[in-house]
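Let me begin by presenting the structure, written as structure tokens, before commenting on it.
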Amino acid sequence: MKGTILMKRITTVLFLVLAVAVHATAADSRQTFRTSFNDGWKFHKGDVAGAETPEFDDSQWRSLDLPHDWAIEGPFDVKYNARCGGLPFHGTGWYRKSFEVPAEASGKAISVTFDGAMYDAHVWVNGHFVGHRPYGYIEFQYDISNLLNYNGSNAIAVKLAPEDLSTRWYPGAGIYRNVWLDIRDPVHVAQWGTFVTTPKVKDRTATVSIETTLEGDLTEKSIQLKYEVFDPMGKSVSSSTIPGQIKTATKLSVSNPLLWTLESPQLYVLKTTVLGAGRTLDVVQTRFGIRTLEFSKTEGFSLNGNPTRIQGVCLHHDNGPLGAAIHRRAIERKLQIMKQMGVNSVRTSHNPPSNELLDLCDELGILVQVEAFDVWLKAKVPNGYNKFFEEWGERDIKDMVRRDRNHPSVFMWSIGNEILEQGNKEDGNRIAKQLNGYVKSLDTTRPTTCGFNYFPGPYQSGMAGQIDIAGMNYKPLAYGDPVDEFLPNNPVVASETSSCTSSRGVYHLPIEKYQTHPSKQVTSYDLIGPPWAYPPDVEFDALETHPEILGEYVWTGFDYLGEPTPYGGKDNSTNGYWNADWPSRSSYFGAVDLCGFPKDRFYLYQSQWTQEPMVHVLPHWNWQNSSHKTIPIVAYTNCEEVELLVNGKSMGRKVKGKDLTKIPVKFNRYDKDHFMSKYRLSWEVPYSPGSLRVVGYRNGKPVAEKEIRTAGEPAQVKLVADRRELIADQSDLSYVTVRIEDREGNLCPLASNLVRFSVDGAGTIAAVGNGNAATTAPFIADEREAFNGLCMLIVKAGKQTGGITIRAESEGLRSDSASLDVKRP
Ligand code: GAL
């Protein structure tokens, strides 16, 4: 018998830092006790004796502002591990900063918070060791009040030591997330001391349940907690003032709540004011959302009572050419591109995400599966987090939940990915049970999950039953009876799917299944992948047959640095270096390349996940120098029919669902050598230069079309900025697409011209890139070769307002320029 509803109606909350408050819509007055601690650091790569002491002379060190990723500057080198991006991330790095605190801050509680530091952070203040935090993805805070000089200068020193062979992807290196200084009254809301849930949303009223944890000596003061809820328009809609204890729980109600939905993610703000003897001691603004979650074995997932299939992607944390350093805009753009593809959920593979990612998912209406670990005790790589798990695992997963449990976007907690304890009944069960318990001790409003890639091992052993929702990685043929035999009651999510690989704009003929290609690129006919992989179509089909599966998380939405499968390593058991196919150094898995340019697969997902009429056609239409005279044409569409026209002449209409496309694939547990896909339409046509056009029809009417024209010789560079107005906040970005075009403005799909950039005025070059996974050209540069007609210039605003002028030149081509405007924050 299949079970029914697993999780009860649930809702959410938020989180309490200024970073969030800044972007929050609400609250009439904003009192804050938090300031950025990012500016004015000194950095040195390498170990130095005595660098923790206040008197250490760091005048020769490099001056910089955080966030900072020391490895992204390169150079790429075959002596580093391509599996981790081929970049110099390992070794010791030191950061130091001198700072003063106002004399009147004496007697206050002063703390420093690192949103994350990669890796194995050791922190000293004025020569005193204050703490050690190994996991690079976790937020940590130290109270430094007793170590400070209130009438002079202070020194903070941070030593980081990311190790070689410590991850299966590019981790980045350095203080790559934001740092904050809090100066508060000794009586204040603790770190992550606000927990807001909306356990009941009924009869047009939401109950807002609040728990507050205070720190400090409450005995002398008569502490009051004033709570005020602001609606998405900033209007106060509910309030109360009650006596405050170290732990205080209360409830407010909100009538006619505006729900947090994917289409309209409404956000409320809870303002908590700590009052002592009539004085304001602390103010914390916590953004939250009102929504319900239901997970059912038979009915799937519902948000606010509406059945919602998970159309998800796995995302690693790096931002391509910008590396791991936090740039809010880079994450926002990534998520916006994913939304265009039809994505409604992100799995933060395989580690706790940045605050910024969660804030943005709250704002954009994207559900998040927050994942804690890629390993527990058993190593996947020689120097992995397993070294720290025994000592830090509990603390890390609890801190992750405490930090993130107020985000309405967060809807599932993953305790791990492809954990090797799957193969060990005793450890697998024991640790899964423990971690599940740690999560539940802090949040019972969301289910737990874990990504399993063994079948039936962890199901048979009982490990999968320790958590609420089983995550199946790459097992489309085990949905239904095979998995239900072991898990009759628990819902299942396809936590990792497809792992199809491709290079943007690359098409190899004839279409055939291969392991690798001499070009070190992968064809974009969307069929190549490692042995456990399969084309997106296979998963679509399995999910259609099994509507009870909650949905899928594609590996991956974006390309990421490292793991250049299929080049350099054949499978995940290759623990050493993956440099056999250098310079391949970043992934081919993305539906979108490292710069954010969509590959063809982006449109295959869009055709399955979106309703607005669309049609896409591949390959390019420049085959004049090819020995292949007949070209396979493929269309991806969400329309009913597609007509292909070559130079205006119809090559016939094909009907989606009826006209199938044969894809030559073979994958695990699949006994055929091809798959008949109803998700792509295809034709074979003789090549004749000119126009390739597809028209999508619904109800017999044309509703979408796309045309590709044969391009002539490269004649001009064209700049297309995604944003022309930036904010002078030292981190805002404009992504400028650089196109190599022929005289008529057609994209030259094979062009690789070198483009040189100059950026003058109120901005600088943050990075360049082109989406080619197999090149050692640096990201921090003022020139870039086009890759299949495109490259990217990323321009960053500084502190100054004013204009930015960009110029792009390429030998023999007409140059282009663009201007941007940088405004006051
Ligand atoms: C999975 C793994 C991912 C990535 C992927 C590549 O097994 O969980 O992290 O390595 O394979 O296909």
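As the structure lists them, so they are numbered: ligands from 1, and atoms in each ligand from 1. Just so it is clear, the model here is predicted, and its values are computed rather than measured.
Evaluation of the side-chain hydrogen bond (donor to acceptor under 3.5 Å, both in side chains) rule for K520 yields no partner, not counting sequence neighbours. For the side-chain hydrogen bond (donor to acceptor under 3.5 Å, both in side chains) test, residues two or more places apart in sequence or in another chain that qualify with Y507 are D600.
Comparing E496, E563, R83 against atom 8 (O) of ligand 1, the shortest heavy-atom distance belongs to E496.
With a heavy-atom cut-off of 4.0 Å, Y474 touches ligand 1 through its side chain alone. The proximity of N417 to ligand 1, defined as any non-hydrogen pair under 4.0 Å, is limited to the side chain.
Within the listing of ligand 1, atoms 1 (C), 2 (C), 7 (O), 8 (O) sit less than 4.0 angstrom from a heavy atom of E418. Below 4.0 Å from some heavy atom of H350 lie the following atoms of ligand 1, by number and element: 3 (C), 8 (O), 9 (O).
A ring-centre distance under 6.0 Å is not found for Y534 and Y670.
Using a non-hydrogen distance threshold of 4.0 Å, W169 does not register as a contact of ligand 1.
Using modelled atom types and a 3.5 Å distance limit, the side chains of W532 and N453 yield no donor-acceptor pair.
Geometrically, R504 does not engage F787 in a cation-pi contact defined by less than 6.0 Å to the ring centre and at most 45° from the axis.
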